[in-house]
Structure formats: structure tokens, C-alpha cells
Protein chains: 2
Amino acid sequence: MKSEKKQGRPRAFDAKAVIGQAREVFWDRGFSAASLDNLSAATKLNRPSLYGAFGDKEDLYLDTLEGYREDSLDILSEALNPTLTLRENLTRIYAEALKIYLHGETAARGCFLIGTATAEAIQHDRVREVLRRSLNEFDGAIKERMELAVEQGELPDNTDAATLAKLASAVMHSLAVRARAGDTRGTLEAIARSGVDFICGRL
Amino acid sequence: MKSEKKQGRPRAFDAKAVIGQAREVFWDRGFSAASLDNLSAATKLNRPSLYGAFGDKEDLYLDTLEGYREDSLDILSEALNPTLTLRENLTRIYAEALKIYLHGETAARGCFLIGTATAEAIQHDRVREVLRRSLNEFDGAIKERMELAVEQGELPDNTDAATLAKLASAVMHSLAVRARAGDTRGTLEAIARSGVDFICGRL
DNA sequence: GAATATTTGTACCATTTCGCATAAAACTCA
DNA sequence: TGAGTTTTATGCGAAATGGTACAAATATTC
């Protein structure tokens with residue numbers, strides 16, 4: 001399919017890369033405070049090109065959200081590898097999350113979705129829907145692993161997998177918010193550890 | 001002190017009330033997307049009056065955050081009444097939180113701080129500081145109650161009160177995000193219940 | 001009542017905002 | 001080579017933005 005060369009002048013950019021650069025801008029500034037000039041500068045595309053390829057600012061933002069959702073779900077799925085213990089799975093999830101949220105130790109930006117999409121969720125229905133769907137998918141992925149854990153005796157028989165999964169997500173939501181609020185890596189790692197202990201039968 | 005009448009034309013508005021009306025605007029739209037026209041319309045003050053009384057948009061926003069922080073802390077303190085059981089305390093905290101987050105069953109707006117301040121936290125240091133301080137104060141208030149619970153035998157002796165408090169907060173952070181993402185009251189209440197069960201010795 | 005002090009309302013300004021019109025550029029296909 | 005197609009670059013424009021100058025209005029104090 002790729003070999004079918006399109007007619008006309010070829011694009012001088014890679015759409016995926018551009019969305020990634022745009023994501024960085026939105027991540028730092030939020031949707032509303034990110035101007036098309038900011039985006040144009042970061043992507044090195046002038047506005048008409050941005051429009052032609054991605055539509056208006058909201059469309060582009062939705063693309064970045066969608067990309068983040070996919071990336072996150074991939075990482076989550078990998079961390080949930082069922083050949084490992086549930087404890088190890090959760091430890092990995094939180095570790096991967098903090099890798100993203102802290103972004104190089106200094107400039108902590110938290111979760112892209114929770115940090116920027118929540119603010120727009122009231123005014124922009126499409127944003128709220130992406131946010132909602134993303135949170136649900138994360139819950140769902142963890143829930144499946146929990147169900148397996150119950151089957152395999154890692155968790156008690158009477159465990160409510162769906163609910164426990166939501167609590168596991170809750171710890172991640174908290175890490176997301178706290179990272180953006182400027183909490184230190186150490187603090188966040190401690191929360192992650194205690195979250196794991198707590199969910200995998202504590203004390 | 002109030003009797004010391006200031007010279008000059010008296011204000012035709014109540015500052016606290018205006019801050020409350022401005023909060024509503026910021027709550028729905030976020031800081032960046034809220035225009036001075038929006039704020040002016042909602043408060044029924046023209047821009048020069050807003051500037052004279054509160055400074056620029058960021059100053060006003062910080063005032064609304066501060067007011068929310070104080071209100072929330074008051075509600076939290078009340079809910080943490082130590083003559084009740086810890087379980088009852090937590091149940092109340094989450095119930096009060098949902099009362100605020102859901103705001104009349106239909107238009108769920110989540111937590112004002114988490115829903116709007118997180119987005120600005122990277123670019124605006126003062127916003128980040130208010131957010132950080134608020135989260136820490138909430139954690140601290142719950143922690144104190146947890147320590148009492150340990151003393152009184154409601155929680156095991158080896159309980160790490162600070163960490164457990166952060167987990168209790170984590171459930172609230174999750175409610176805050178999910179409410180703004182559009183989750184139903186029923187879903188959120190279920191999470192709150194399981195959070196209580198989980199923290200107050202579960203299974 | 002006059003002087004003083006503060007708030008209010010109108011109108012304005014400079015800048016930034018998003019978005020697009022237009023034409024040159026770069027490619028494919030015949 | 002020339003027609004057709006898509007992307008790029010320049011630059012425009014209308015609207016909205018945050019912020020302010022200035023004078024009228026309304027109070028206190030002397």
C-alpha cells in the first residue's frame with residue numbers, strides 16, 4: 001500500500017512525528033494556552049500545513065490524545081504480562097507511569113491525559129469522551145489481569161476484580177496529579193510501593 | 001475593624017461573592033480558556049473594577065484557588081470528626097467530595113483544583129505551589145486522623161499513617177478525575193465505598 | 001459645602017489569536 | 001513536456017484578548 005505514490009507534491013514531514021511534537025507543546029501548556037504559533041514553531045510546519053494535515057487546533061489536540069492513549073495502552077499491556085506475578089505487574093505499571101510522568105527527573109509534567117484533558121473536558125465533549133474512554137480502557141486492562149489472578153489463586157476468590165482494578169487505577173491517577181503538582185520522585189515511588197502492597201494483600 | 005469606613009466611593013460588590021462567581025467560570029472553562037469578558041459577565045463587574053480589586057487574571061484565579069482550598073479544608077476537617085469511627089470519617093469525606101464534584105447530578109465538573117490547576121501547573125509556578133500545598137494539607141489532615149486511629153486501636157499498630165493517608169487521598173483524586181471525565185454517580189459511589197472498605201481493613 | 005479618596009463605566013489600545021486566500025513549489029501521470 | 005494534484009510559504013484579516021486611560025460618580029473627612 002505504501003508503494004502507491006500519491007499524486008502531487010509530497011509532504012515534507014512525518015505525520016506521526018508532528019503529532020508527537022505537538023503533544024509536547026500541549027503537555028506543557030495545556031490545550032487552551034497552546035497557540036498555533038507555539039505548535040507551528042515546535043513542529044516546524046506553518047499553519048496552513050497544520051490545517052491541511054490535521055484540521056483545526058482541537059482536531060490536532062484530539063490526535064495527540066489518541067496517540068497518547070494508544071502508547072499508554074501498549075505500555076500497560078506489556079507491563080501486565082501474565083507470566084509475571086500480579087505484584088510484579090503492578091510494580092511495573094507504576095514504574096512505567098512514573099517514567100513518563102517525571103520525564104527526566106527535573107521537569108515533572110504528570111500524565112498528559114489527566115494533566116491537560118481534564119481541564120477541557122467540560123467545554124469539549126470530544127475531549128471528555130477520549131478521556132473517559134481512555135480511563136475505562138485502562139481499568140479494563142487491569143481488570144482482566146485481576147480476573148486471571150483470581151483464577152490462579154493470586155487473589156481471594158471473592159475478589160471484585162473490576163473494583164480492585166479501579167483502585168489500582170486510582171493510585172495511578174494520584175501519581176499523575178501529584179507529579180504535575182511537583183512531588184519528588186521519592187515521594188511518588190513510595191506511594192507506588194504502598195499501592196502495590198495494598199492491592200496485593202497487604203500488612 | 002469593619003466599622004472603620006474607608007474613604008472614597010464604596011464598593012458596590014462583595015469581594016468574596018465575586019471570587020465565588022469567578023470560580024464558577026474558571027471551574028467550567030479552566031484558567032486559560034476563561035476570558036476577562038466571561039469573568040466580567042459572571043461577576044457583573046467591568047474589567048477595571050476587577051483589576052482594581054483583584055489584580056490581573058492570574059491573581060484572580062489564585063484567589064479562587066485559595067478560596068476553594070480553604071472551603072475544602074473546612075469540609076474535610078468537619079468530616080474527620082474524631083468522635084466518629086474512621087470508617088465513618090472516610091465515608092463522609094468521599095460523600096462530601098462527590099457532592100462538590102457532581103454538582104447537581106447532571107453537569108459533573110470534578111474537583112476545581114485537580115480539574116483546572118493541574119493544567120496550568122507547569123507554566124505557572126504560583127498555581128503549582130497552591131496545588132501542591134493543597135494536596136499536602138489534605139494528606140496531612142487525613143494523616144492526623146489515621147494516627148489517632150492507630151492510637152485508639154482502630155488501625156494496626158504498625159500502620160504507616162502518612163502512607164495510608166496518601167492512599168485515602170488517592171481515591172479522592174481518582175474520584176475528582178473520573179467525575180470530570182463524566183462517570184456516573186453510581187460508579188463513583190461504588191469506588192468510594194470500596195475505597196473505604198479497602199483502607200479500613202478490607203476483604 | 002469643599003477637598004480628598006476610591007470606585008465605576010466608557011472607550012480605547014496594542015497584541016495575539018485562529019483561520020484562510022493566494023500563489024509558488026514539487027511531485028505524478030499521460 | 002504539459003496537465004493535474006497536492007503541499008508549502010507568505011501574508012492578510014477579522015475577531016478576541018488582556019490590560020489601561022480618563023473622566024464621571026459616590027462616598028468620607030474637614
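The basis for the numbers below is simple: all heavy atoms, side chains too, and nothing from hydrogens, waters or symmetry mates. Convention: sequence-line order gives letters A, B, ...; per-chain numbering from 1.
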Step-by-step side-chain hydrogen bond (donor to acceptor under 3.5 Å, both in side chains) determination, A/T83 to A/N81: CA-CA 6 Å; A/T83 67; A/N81 178 346; 2.9 Å; yes

Distance from [X] atom [atom1] to [Y] atom [atom2], nearest 0.5 Å?
{"X": "B/I114", "Y": "B/H173", "atom1": "CD1", "atom2": "NE2", "answer": "4.5 Å"}
{"X": "A/E129", "Y": "A/L62", "atom1": "CD", "atom2": "CG", "answer": "11.0 Å"}
{"X": "A/E147", "Y": "A/L155", "atom1": "CD", "atom2": "CG", "answer": "11.0 Å"}

Strand contacts (DNA chain D) in residues 19-39 of chain A, 4.0 angstrom heavy-atom criterion: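 The stretch gives none, as no residue of it lies under 4.0 Å from the strand.
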
Interface with DNA chain D, restricted to residues 40-62 of chain B and to heavy atoms under 4.0 Å: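 Residues of residues 40-62 of chain B that come under 4.0 Å of DNA chain D are, in numerical order, B/R47, B/P48, B/Y51, B/D56, B/K57.
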
Exercise: identify the closest heavy-atom pair between A/W27 and A/C111: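 So the minimum-distance heavy-atom pair works out to NE1-C, 3.9 Å.
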
Heavy-atom closest contact (B/M146 atom, B/L86 atom, distance):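 Minimum heavy-atom contact is SD-CD2, 4.1 Å.
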
A/F112 and A/Y68 aromatic ring geometry - parallel, tilted or perpendicular at 30°/60° bounds: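 Because their plane-to-plane angle is over 60°, the rings of A/Y68 and A/F112 count as perpendicular.
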
side-chain contact (heavy atoms from CB on, under 4.5 Å) involving B/T184 - partner list, sequence neighbours excluded: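 Checked B/T184 against side-chain contact (heavy atoms from CB on, under 4.5 Å); matches are B/T187.
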
DNA chain C-proximal residues of residues 121-130 of chain A, any heavy atom under 4.0 Å: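 Contacts with DNA chain C under 4.0 Å: none.
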
Residue pairs involving residues 8-20 of chain B (criterion salt bridge (Lys or Arg N to Asp or Glu O under 4.0 Å); sequence neighbours excluded):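 Counting only pairs at least two positions apart or across chains, no salt bridge (Lys or Arg N to Asp or Glu O under 4.0 Å) contact touches residues 8-20 of chain B.
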
B/F198 ring center within less than 6.0 Å of A/F198 ring center: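 Between A/F198 and B/F198, the centre distance is under 6.0 Å.
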
Pair A/F31 and A/H124, ring centroids less than 6.0 Å apart: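 Ring centres of A/H124 and A/F31 closer than 6.0 Å.
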
Side-chain H-bond candidate by donor/acceptor type, B/S40 with B/D37, under 3.5 Å: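 No, no side-chain donor-acceptor pair sits under 3.5 Å.
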
Could you list all N or O pairs between the protein and nucleotides 23-30 of chain C that sit under 3.5 Å apart?
{"unit_1": "C/dA25", "atom_1": "N3", "unit_2": "A/R9", "atom_2": "NH1", "d": "3.3"}
{"unit_1": "C/dA26", "atom_1": "O4'", "unit_2": "A/R9", "atom_2": "NE", "d": "3.3"}

